[in-house]
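Numbers restart at 1 for each chain; the letters A, B, ... are given by sequence-line order, proteins then strands.
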Protein chains: 2
Amino acid sequence: MAEDIAGRGDPIKTLQLMWGRVDTPKRGPKARVALTDLVQAAVRIADAEGIDAVSTRRVAEAVGISPMSFYTHIPDKSVLLDLMLDAVSGGDYPMPVFDPAQWRANVTMVASEFRKYYIAHPWVLQVSTHRPVLGPNTMKSYEVFLSALDGLGLDEIEMDMSVTMIANYVFGAARDVARSRMVKEQTGMSDDEWWYAIAPFLETLDYSPYPVASRIGPVVGELYGLGDPDRAFDFGLERILDGLAVMIEGKGGP
Amino acid sequence: MAEDIAGRGDPIKTLQLMWGRVDTPKRGPKARVALTDLVQAAVRIADAEGIDAVSTRRVAEAVGISPMSFYTHIPDKSVLLDLMLDAVSGGDYPMPVFDPAQWRANVTMVASEFRKYYIAHPWVLQVSTHRPVLGPNTMKSYEVFLSALDGLGLDEIEMDMSVTMIANYVFGAARDVARSRMVKEQTGMSDDEWWYAIAPFLETLDYSPYPVASRIGPVVGELYGLGDPDRAFDFGLERILDGLAVMIEGKGGP
DNA sequence: GCACAATCTCGTACGGTGTAAAGAGTTATT
DNA sequence: AATAACTCTTTACACCGTACGAGATTGTGC
């Protein structure tokens with residue numbers, strides 16, 4: 001049940017697989033399945049049943065080979081995770097053309113697209129990439145993010161750090177959004193039911209050590225009900241855009 | 001190797017354990033170990049060897065009981081994870097008293113404290129809490145965050161959403177900071193060595209689909225070397241503070 | 001055609017995991 | 001003394017990732 005760690009396998013081999021740079025062998029029998037079959041089967045399992053359900057045996061079975069034949073195609077499971085991450089990275093949409101004059105709308109669009117992507121593949125939020133996954137789709141995501149901030153007078157480092165900041169925020173916020181959906185599916189207990197179940201206990205607690213929280217909590221439903229993650233996402237994004245605007249306007253603007 | 005999921009066990013039982021609300025049984029032999037012994041042993045293992053090393057058997061062995069005796073004290077592993085999370089939540093520092101006039105410094109302090117906390121216990125970043133961990137320490141963290149934003153003219157919902165935004169950003173940014181440290185410890189390969197190993201391959205790629213990235217990447221070392229996560233953290237935090245300032249000043253300020 | 005090397009596939013096996021089930025021992029109540 | 005409540009333990013099961021080695025299949029060089 002530990003965290004899946006991507007980027008642990010042989011880096012070069014992983015990159016070769018990710019970019020399709022493996023020259024098909026001359027001799028020996030033809031492979032019965034392709035690499036993408038395995039990766040897509042794994043993604044399907046993860047989408048449907050969560051990342052816990054993805055085992056080398058399950059994936060092998062899904063494509064119709066024996067458990068150990070998995071290792072003919074993929075060195076080990078951590079490489080599979082890298083491949084899965086790049087396979088779905090950033091979702092599937094055409095490369096947009098951005099007008100710098102409307103950079104707020106552009107960033108909002110990219111951030112929302114990423115939030116959608118995380119919600120479509122919530123297991124991505126659970127796989128901790130300990131190295132950057134330098135695959136084609138991941139690079140495309142970086143490119144899209146950067147493009148939304150291009151032409152605003154920022155230097156290279158400011159652009160990169162801004163992308164990092166936005167991406168980090170979206171990642172964190174998407175966790176909140178995906179959380180309630182995943183738990184409901186896996187436990188059959190909705191957020192409301194959960195809060196209702198624990199409410200009697202919460203009423204017995206002494207909140208005097210938390211004066212501010214006990215003033216704020218009940219209002220927003222953080223203590224007696226979940227807040228609205230969609231609204232919180234938009235709110236945080238607006239603050240971040242305001243912060244970027246201060247910097248961009250300080251540089252002369254778009 | 002899947003993600004650890006906290007908050008799956010019986011909610012009430014988890015809360016009772018977390019708040020020490022289990023009335024000591026009248027009959028039967030005295031327990032040889034206390035709940036906190038188990039939790040602290042688990043935290044020690046996770047701090048030293050990562051969350052993967054935390055198994056019910058390991059924890060039981062660490063406190064000197066047999067594997068299955070673990071379940072006498074804790075219903076299942078997911079509850080242990082909840083208890084671990086609250087045990088370390090937010091780090092260990094006295095409750096500060098904030099001057100609203102210096103709210104930027106206050107928020108910076110809290111954010112930095114949380115970053116330190118994540119780096120001290122990087123496994124926290126890997127455990128996905130599917131429900132809020134409503135323990136005393138987690139509540140204290142929420143209280144501290146809220147206090148740093150108190151007295152600025154924000155309403156309850158704005159305060160809560162601001163805390164959520166900052167916390168989400170810190171969480172995401174701390175992942176970047178903790179990443180290189182963890183990988184170096186676990187693989188013995190530093191970031192530089194890793195980039196050096198894959199550089200020959202990266203040079204064979206066609207970057208024409210990524211015009212902006214290939215302009216930015218080499219400068220910031222995102223494509224040919226890792227950026228500086230500490231600097232990126234400070235940069236992002238400044239932007240977020242700027243964004244909050246816009247809202248706070250729009251309300252009349254502190 | 002034939003030997004050989006390369007390659008895919010597979011069966012077996014090992015040490016690990018979480019935890020269900022059932023029993024043995026200990027303590028306080030009746 | 002009997003019993004209920006409780007802790008601790010042993011055994012067992014199904015799963016996991018994957019090391020190892022044995023066929024089976026294909027192309028190459030003679």
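- Using a 4.5 Å heavy-atom cutoff, the side chains of A/F70 and A/R57 are not in contact.
- Taking atom CD of B/E61 as the reference point, atom P of C/dG16 lies 11 Å away to the nearest angstrom.
- Proximity of the aromatic rings of B/F114 and B/F171 is defined here by a centroid distance below 6.0 angstrom, and this criterion is not met.
- Between B/K26 atom NZ and D/dC6 atom C1' there is a gap of 13 Å when expressed in whole angstrom units.
- Per the geometry, CZ belonging to B/F70 stands 8 Å off P belonging to C/dG18, to the nearest Å.
- Under 4.0 Å is where a charged nitrogen must lie from a carboxylate oxygen, and between A/D230 and A/R115 at least one such pair does.
- When heavy atoms are screened at a 4.0 angstrom cut-off, B/S66 is found touching base atoms of the nucleic acid.
- The nucleotide whose nearest atom lies closest to any side-chain atom of A/H73 is, among D/dC6, C/dT9, D/dC8, C/dT9.
- The existence of a salt bridge linking B/E113 and B/K116 is confirmed by a sub-4.0 Å separation between a basic side-chain nitrogen and an acidic carboxylate oxygen.
- The shortest distance between the side-chain N/O atoms of B/T56 and the OP1/OP2 oxygens of C/dG18 is below 4.0 Å.
- The separation between A/R57 atom CZ and D/dC15 atom C1' is 7 Å, rounded to whole Å.
- C/dG18 atom P lies 11 Å from atom CZ of B/R58, rounded to whole Å.
- The side-chain heavy atoms of A/K13 and A/V79, taken from C-beta on, include no pair separated by under 4.5 Å.
- Atom CE in B/M68 sits about 12 Å away from atom C1' in D/dC13, given to the nearest Å.
- Of all nucleotides listed (D/dC6, D/dT18, C/dT9), D/dC6 comes nearest to the side chain of B/P29.
- Nearest nucleotide to the side chain of B/R27, out of C/dT19, D/dG27, C/dA28: C/dA28.
- Toward the 5' end of DNA chain C, the nearer of the two residues A/V33 and A/G28, judged by each one's closest nucleotide, is A/G28.
- Considering only the side chain of B/Y71, C/dT19 comes nearest among C/dT7, C/dC10, C/dT19.
- Atom CG in B/L80 sits roughly 14 Å away from atom C1' in C/dT19 (whole-Å rounding).
- Proximity of A/R32 to the phosphate of D/dT26: no side-chain N or O atom is located under 4.0 Å from OP1 or OP2.
- For the pair B/E49 CD and C/dG16 C1', the computed distance is 14 Å after rounding to whole Å.
- Base contact: A/T72 has a heavy atom under 4.0 Å from a base atom.
- The listed nucleotides are C/dT17, D/dA24, D/dG27; the one nearest the side chain of A/K30 is D/dG27.
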